[in-house]
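Structure first, then comments.
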Number of protein chains: 2
Amino acid sequence: MSLRHALLGLLAERPASGYDLLKRFDTSLANVWPATQSQMYGELSKLAAAGLITVSAEGPRGRKEYTLTDEGMAELRHWLTETRPQRTPRSDTLLRVFFLGVLPREQATAYLTGLMDHSDEEYEALRALERSIDWGEDQLSVYGRIALEYGLRLNEMQREWARWAADRLR
Amino acid sequence: MSLRHALLGLLAERPASGYDLLKRFDTSLANVWPATQSQMYGELSKLAAAGLITVSAEGPRGRKEYTLTDEGMAELRHWLTETRPQRTPRSDTLLRVFFLGVLPREQATAYLTGLMDHSDEEYEALRALERSIDWGEDQLSVYGRIALEYGLRLNEMQREWARWAADRLR
DNA sequence: GGGGCCATGTAATCGGTTACATGATTGA
DNA sequence: TCAATCATGTAACCGATTACATGGCCCC
């Protein structure tokens, strides 16, 4: 149930409408916690009903601007400091590795070299994202940069691991 | 919908009952694709209904032994070679990083050093797992070892990244 | 005999995905 | 005026989680 916390986190920065949040998701959090439009509007309603956010303004076209309440901020801080991630992240990619034995060796190797290529592409996409962002001194810049570094290192690691694994099969 | 492929993959090695598969999950695939008992029995019924596996024997206590059919093997090969993972993996851990700015700096640092410790523990747990397994020449040994290496490298990377990030906050 | 394990299943709930539906406003 | 964008919502479905439920078999 982390989408609610993602929304609280974004609203901690500044008030926003569902539509605003949707766009900010796509350009920042989508890489670590994808969410759909349907889900976000539903979650915002629930958060408002729970008193963690409130409708602070209404604009044209039925636009509703949400603002974090004190309770919402308390919940956000609680989530950050008192709770630990509990679910093991699922990896579709790694699951396949377990079963590569049912393929002829050359196809197994092809899977691994495919992963190398994919890691390279992801790495470059993150570099491009890094260049496209106007990094300031604000908090989301500082921590967003740290999260992006994680992605860069992850893809480097993945490429080297896939190279090692492909070599090992020979 | 990867649980079905995980089950097909395990049954490709040898026939097994739901109960067998449950235990084999816990000792091998649980780190990349956790699944509950309820889910597995349900999925096995669906796979049997779809003709990808069949009940090849019935034992005491209502035990049903499932065997992969040719269609099941074809589906497994198709999944391995023709499809790519599509969902972005969600990371609860990384999501929090984006919002560390709402905490006083020392608490943000504490979160990162906590991640370092956690990575060390995970690393050691994987090393212990590695020692506890009787690595043979069979396919699941070869590829299981490769998957485990991924986990080791991931945790190493994560520890170094967290160290770097904590330093950066100073 | 009885405790522990083997073995399978159902029901309720939840978070997430896909698709559908609707309409207001703005700017070229 | 009309296309693009802003803006919110509903409904159906699916996979995953939690809890509950049941009973047979084996060995001490």
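Naming: A, B, ... by sequence-line order, numbering from 1 per chain. Please read these numbers as outputs of a predicted model, since none were measured by experiment.
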Q) Quick one: Leu22(A) CG to dC6(D) C1', roughly how many Å, whole number? A) 11 Å
Q. Using a cut-off of less than 4.0 Å, is there contact between a side-chain N or O of Tyr41(A) and OP1 or OP2 of dG9(D)?
A. no
Q. Can you find a side chain N or O atom of Lys64(B) that sits less than 4.0 Å from OP1 or OP2 on dG9(C)?
A. yes
Q) In whole angstroms, how far is the P atom of dA7(C) from the CD atom of Glu65(B)? A) 10 Å
Q) Would you call Arg24(B) and Glu13(B) a salt bridge, taking side-chain N to carboxylate O under 4.0 Å as the test? A) yes
**Q.** Given Leu7(A), Leu3(A), Thr54(A), the one that forms side-chain contact (heavy atoms from CB on, under 4.5 Å) with Leu47(A)
**A.** Leu7(A)
Q) For every nucleotide of nucleotides 23-28 of chain D, 5' to 3': is a protein heavy atom under 4.0 Å from its base (B), only from its sugar-phosphate (S), or from neither (-)? A) -BBS--
Q. Atom CG of Asp20(A) to atom P of dA7(D): distance rounded to whole Å?
A. 6 Å
Q.
Just the rounded figure in Å: distance from C1' of dA7(C) to CZ of Arg63(B).
A. 9 Å
(Q) I'd like to know if the side chain of Ser56(B) and the backbone of Glu65(B) have a donor-acceptor N/O pair within less than 3.5 Å. (A) yes
Q. Any side-chain N or O of Gln37(B) under 4.0 Å from OP1/OP2 of dT8(C)?
A. no
Q.
Using heavy-atom distances to pick each residue's nearest nucleotide on DNA chain C, tell me which of Lys23(B) and Trp33(A) is more 5'.
A. Lys23(B)
Q | Phosphate OP1/OP2 of dT17(C): any Arg90(B) side-chain N/O under 4.0 Å | A | yes
Q. How close or far is atom P of dA16(D) from atom CG of Leu44(B), stated in whole angstroms?
A. 13 Å
Q | N-O pairing of Glu130(B) and Arg127(B) below 4.0 Å | A | yes
Q: Quick one: sort the Trp79(B) and Phe99(A) rings into parallel, tilted or perpendicular, breaks at 30° and 60°.
A: tilted
Q) Above 12 or not: heavy atoms from other molecules or residues under 6.0 Å from CD of Gln86(B)? A) yes
Q) With respect to the side chain of Lys46(B), which nucleotide from dG9(C), dG15(D), dT18(C) is positioned closest? A) dG15(D)
Q | NZ/NE/NH1/NH2 to OD/OE distance under 4.0 Å, Arg168(B) and Glu149(A) | A | no
(Q) Counting distance alone, no hydrogens or angles: does the base of dA16(D) have a donor or acceptor under 3.5 Å from a partner atom on the side chain of Ser38(B)? (A) no
Q) Within this structure, what is the CZ-to-P distance between Arg4(B) and dG15(D), rounded to whole angstrom? A) 8 Å
Q: To the nearest Å, give me how far apart CD (Gln39(A)) and C1' (dG15(C)) are.
A: 6 Å
Q | Atom pair distance, as rounded to whole Å: OH in Tyr19(B) and C1' in dT22(D) | A | 15 Å
